[in-house]
Peer 1: 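Before anything else, here's the structure in question.
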Amino acid sequence: MMEVIEGCRLPVLRRNQENEDEWPLAEILSVKDINGRKVFYVHYIDFNKRLDEWVTPERLDLKKIQFPKKEAKTPTKNGLPGSRPNSPERELKRKLEAVSLATQCSPATPVAAASEIPTPVYAQNGSARRPVSVGAGRKRKANCLGTDEDSQDSSDGIPSAPRMTGSLVSDRSHDDIVTRMKNIECIELGRHRLKPWYFSPYPQELTSLPVLYLCEFCLKYLKSLKCLQRHLTKCNLRHPPGNEIYRKGTISFFEIDGRKNKNYSQNLCLLAKCFLDHKTLYYDTDPFLFYVMTEYDCKGFHIVGYFSKEKESTEDYNVACILTLPPYQRRGYGKLLIEFSYELSKVEGKTGTPEKPLSDLGLLSYRSYWSQTILEILMELKSENGERPQITINEISELTSIKKEDVISTLQYLNLINYYKGQYILTLSEDIVEGHEKAMMKRHLRIDSKCLHFTPKDWSKRGKW
């Protein structure tokens, strides 16, 4: 074990989703000694970082170990060889001072520009694939729409996280040894215990705790159960500190201004960063709105997920970061969050799109939502006077508030665009129709626009957010 150092690559035993053993190639990111025995933090090459873990020596295949290549030393000002300009210690200090919150980046599927594809139309199709003629598109006018502040209470001996400013920009410069490793072992949030997937810049003093306790209503972080119990006797919140703009059944949405509720917004970002990776979200929450989805019971409104959006976006982004907490995943809440973001765009009278690039799970969720929403529109079309039904890309975009480029990329992904007799047409097969109907039968959670009480603000006319 003495020869296994940071940077080495070798096969590591892991159990896959089919409950079978496999030996994928992994990189050693860190080595530590526990009670005289070494353990290794590994990243599985070509796997998502959420699968990174600490492993014991018997899971390493030392016969196929690959040692890191030695890097050439950089010359000093005197021309003599010296150490690298950024030592691990200096990098660690710099990152701890300037680390940012982020969502997971993955290369987005290339989207053809709207001008590259003539405006296609659709004909509903039972069993045969029959084309329709091209209809004229209509242009949509884009309207770009453009407190109290407190700090983390340190009465329980917990320091505040460092304050930073910046913007929402994808950035891989922070993907170093510090941020690549999970630093929180476990989080207790209400009745759930969550195992984080990624690094989150909570204060360093908390990273050695076996469990980090969070108040599920104000999201304040505490170091022990006793501190949490004492906090709950003083915390008056039973819902996120914002305006409730939607309620149907037990589902509610709250709108939180990142400037008026800075402490809550920062704590929400810290929690979200445990499950989101590479998209920079700094602690300067003033330019953002946060829409928190909750589930109500006799104890209060429990957070299920959230999405954030810029108050003013020049790129028509209607979502900056989006997350469904792990206990609520695979239950339809992700699509509900996405549907709600587009419902807000409809009220604002503009089309929207999520900030790119999307994470792997985010891309799957959005593709599924776009596909179901667009197919729902197409299948409702009816022919008039025996003629083929017609609809343009612009009309689909207007009806759904999905940006035109996303409509085109979805139609391409579904392979619905075809070239027939000199024009582009849309056709549906029986398989597409049947698959859509089965998917919609499973989709029980939907947004009811009648339950939405939302008045958009023109942030461009406000002197200060």
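This chain uses plain numbering: 1 for the first residue, then up along the sequence.
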Peer 1: With a 4.0 Å cut-off, would you call Glu339 and Arg446 a salt bridge?
Peer 2: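 Judged by the 4.0 Å cut-off on N to carboxylate O distance, Glu339 and Arg446 do form a salt bridge.
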Peer 1: Any cation-pi pair here, Arg238 with Phe301, using under 6.0 Å and within 45°?
Peer 2: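 Pair Arg238/Phe301 does not count as cation-pi.
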Peer 1: How are the rings of Tyr202 and Tyr221 set relative to one another: parallel (under 30°), tilted (30 to 60°) or perpendicular (over 60°)?
Peer 2: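 The arrangement is perpendicular - the two ring planes meet at more than 60°.
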Peer 1: Just checking, is any N or O donor in the side chain of Tyr198 or Asn48 under 3.5 Å from an acceptor N or O on the other one?
Peer 2: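 Asn48 and Tyr198 do have a side-chain donor-acceptor pair below 3.5 Å.
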Peer 1: Below 30° counts as parallel, above 60° as perpendicular, anything between as tilted: where do the rings of Phe217 and His302 land?
Peer 2: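 Phe217 vs His302 ring planes: tilted.
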Peer 1: With a 4.0 Å cut-off, would you call Asp277 and Arg180 a salt bridge?
Peer 2: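 Between Arg180 and Asp277 there is no salt bridge, as every charged N stays at least 4.0 Å from the carboxylate O atoms.
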Peer 1: For the backbone of Pro241 and the side chain of Asn261, can you confirm whether one donor and one acceptor N or O come within less than 3.5 Å of each other?
Peer 2: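 Judged by distance alone, yes, a pair lies under 3.5 Å.
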Peer 1: Please check if the distance between the ring centroids of Tyr328 and His192 is under 6.0 Å.
Peer 2: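 Centroid distance Tyr328-His192: below 6.0 Å, so yes.
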Peer 1: For Phe47, look at atom CZ and say whether over 12 heavy atoms of other residues, nucleotides or ligands are found less than 6.0 Å away.
Peer 2: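 Counting other residues, nucleotides and ligands, CZ of Phe47 exceeds 12 neighbours.
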Peer 1: What is the ring orientation for His239 with Phe254, classed by angle as parallel under 30°, tilted 30 to 60°, or perpendicular over 60°?
Peer 2: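 Geometry flag for Phe254 against His239: parallel rings.
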Peer 1: Rounded at 0.5 Å granularity, tell me how far CG in Leu325 sits from OH in Tyr333.
Peer 2: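 If I round to the nearest 0.5 Å, the distance is 11.5 Å.
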Peer 1: Compute whether any side-chain donor of one residue and acceptor of the other, for Ser368 and Lys335, lie under 3.5 angstrom apart.
Peer 2: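 Ser368 vs Lys335: donor-acceptor pair found between side chains.
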Peer 1: Using modelled atom types and a 3.5 Å cut-off, is there a donor and acceptor pairing between side-chain atoms of Lys311 and backbone atoms of Asp286?
Peer 2: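 It does hold such a pair.
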Peer 1: Kindly give the heavy-atom pair with the smallest separation between Tyr213 and Leu225, and that separation in Å.
Peer 2: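 For Tyr213 and Leu225, the tightest heavy-atom pair comes out as CE1-N, 3.5 Å.
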Peer 1: With no hydrogens and no angle check, do the side chains of Ser252 and Glu244 hold a donor and an acceptor under 3.5 Å apart?
Peer 2: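 Yes, because at least one side-chain N or O of Ser252 sits under 3.5 Å from a partner of the opposite role on Glu244.
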Peer 1: Under the 6.0 Å and 45° cation-pi test, does Arg14 pair with Tyr44?
Peer 2: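 Flagged: Arg14 positioned over aromatic ring of Tyr44.
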Peer 1: Scan side-chain atoms only and decide if Glu355 and Tyr317 contain a donor-acceptor pair under the 3.5 Å cut-off.
Peer 2: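 No - no donor-acceptor pair under 3.5 Å links their side chains.
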